[in-house]
S.K.: 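Mind having a look at this structure? Questions to follow.
Numbers for residues simply follow the sequence, beginning at 1.
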Amino acid sequence: MRIRSQTDFWCGVLFFAIGIAFMVMARNYRLGIAARMGPGFFPMWLGGTLAGLGLLLAVPAIVRSGATLPSLQPRPLLTILTGIVVFALLLQPLGFVAAAAILIVVCGFADPDMRPVESIGLAILLTAFSVGVFVILLGLPLNLWPNL
């Protein structure tokens with residue numbers, strides 16, 4: 001069997017696998033009914049929907065022409081993982097604002113076309129947005145600045 005649209009097929013397989021995993025994990029919880037939902041109701045329906053979307057994406061990819069999978073690029077993967085580890089290590093000593101800004105600048109190195117000025121501008125915008133969402137709107141008790 002030849003897969004004609006590899007990107008669509010493997011994306012669909014991934015969606016299907018994640019959806020089935022959610023459904024398997026949700027079976028240990030009480031489902032309930034739509035009027036009185038149990039803790040497993042939403043994960044079960046979400047998993048089923050995701051698995052269905054995965055099938056809708058993967059099955060036509062067998063006969064429909066499309067793009068092939070690009071080769072695996074280690075630089076973006078390692079850069080993003082490094083940014084996440086750096087964020088985790090710097091969150092406590094430097095606070096959320098500095099750790100988030102550093103995370104965004106470090107992750108900017110994943111794109112070879114991104115200039116430092118763009119990365120810094122993006123860091124300022126996304127950090128301000130994150131503080132607005134997580135601290136102001138959601139009221140999460142995050143340490144924004146270093147504990148001195």
S.K.: Any chance CZ of F41 has more than 12 other-residue heavy atoms, nucleotides or ligands included, within less than 6.0 Å?
M.R.: yes
S.K.: Any side-chain heavy-atom pair from L103 and V86 closer than 4.5 angstrom?
M.R.: no
S.K.: What's the spacing between D8 CG and L56 CG if we round to 0.5 Å?
M.R.: 12.0 Å
S.K.: Nearest 0.5 angstrom please: E118 CD to D113 CG, how far?
M.R.: 9.0 Å
S.K.: What heavy-atom pair brings L91 and F96 nearest, and what distance separates the two atoms?
M.R.: CD1-CA, 3.7 Å
S.K.: Might you point out which heavy atoms bring P146 and P93 nearest each other, and give the distance in Å?
M.R.: CB-O, 3.4 Å
S.K.: Going only through I, L, V, M, F, W and Y residues with side-chain contacts under 4.5 Å, is there a path from V117 to I104?
M.R.: no
S.K.: If hydrophobic clusters are built from ILVMFWY residues whose side chains come within less than 4.5 Å, do L90 and L142 share one?
M.R.: no
S.K.: Would you call V135 and L140 a side-chain contact if the rule is heavy atoms closer than 4.5 Å?
M.R.: no
S.K.: Please indicate whether F22 has more than 12 foreign heavy atoms, meaning atoms of other residues, nucleotides or ligands, lying under 6.0 Å from its CZ.
M.R.: no
S.K.: Is any side-chain heavy atom of L94 closer than 4.5 Å to one of I102?
M.R.: yes
S.K.: Could you give the distance from CD1 (I120) to CE (M114), rounded to the nearest 0.5 Å?
M.R.: 11.5 Å
S.K.: Return the minimal non-hydrogen interatomic distance between L57 and C11, and the atom names on each side.
M.R.: CD2-SG, 3.8 Å
S.K.: For L78, does its backbone N or O pair with a side-chain atom of T82 as donor and acceptor, under 3.5 Å?
M.R.: yes
S.K.: Using 0.5 Å steps for rounding, measure from the CG atom of L55 to the CZ atom of F16.
M.R.: 5.0 Å
S.K.: Linking I/L/V/M/F/W/Y whenever any side-chain heavy atoms sit under 4.5 Å apart, do F129 and F134 land together?
M.R.: yes
S.K.: Quick check for you: to the nearest 0.5 Å, what is the distance between I20 atom CD1 and I18 atom CD1?
M.R.: 11.5 Å
S.K.: State, to 0.1 Å, how close G108 and S119 come at their nearest heavy-atom pair, and which atoms those are.
M.R.: CA-OG, 4.2 Å
S.K.: Between A123 and A101, what is the shortest heavy-atom contact and its length?
M.R.: CB-O, 3.8 Å
S.K.: Consider only side-chain heavy atoms of I, L, V, M, F, W and Y, link residues closer than 4.5 Å, and tell whether V59 and F9 are in one cluster.
M.R.: no
S.K.: Treating Ile, Leu, Val, Met, Phe, Trp and Tyr as nodes and any side-chain heavy-atom pair under 4.5 angstrom as an edge, say whether V133 and V97 lie in one connected cluster.
M.R.: yes
S.K.: P112 versus R75: any side-chain heavy-atom pair under 4.5 Å?
M.R.: yes
S.K.: Check whether N143 reaches the backbone of W145 with its side chain - one donor and one acceptor, N or O, closer than 3.5 Å.
M.R.: no
S.K.: Could you grab the distance from atom CD1 of I84 to atom SG of C107, nearest 0.5 Å is fine?
M.R.: 6.5 Å
S.K.: Test: side chain to side chain donor-acceptor pair (under 3.5 Å). Region: residues 9-33. Which pairs qualify, not counting sequence neighbours?
M.R.: none
S.K.: Hey, mind stepping through R4 and I62 against side-chain contact (heavy atoms from CB on, under 4.5 Å) and telling me if it holds?
M.R.: CA-CA 5 Å; R4 298 185 61 161; I62 295 170; over 6 Å; no
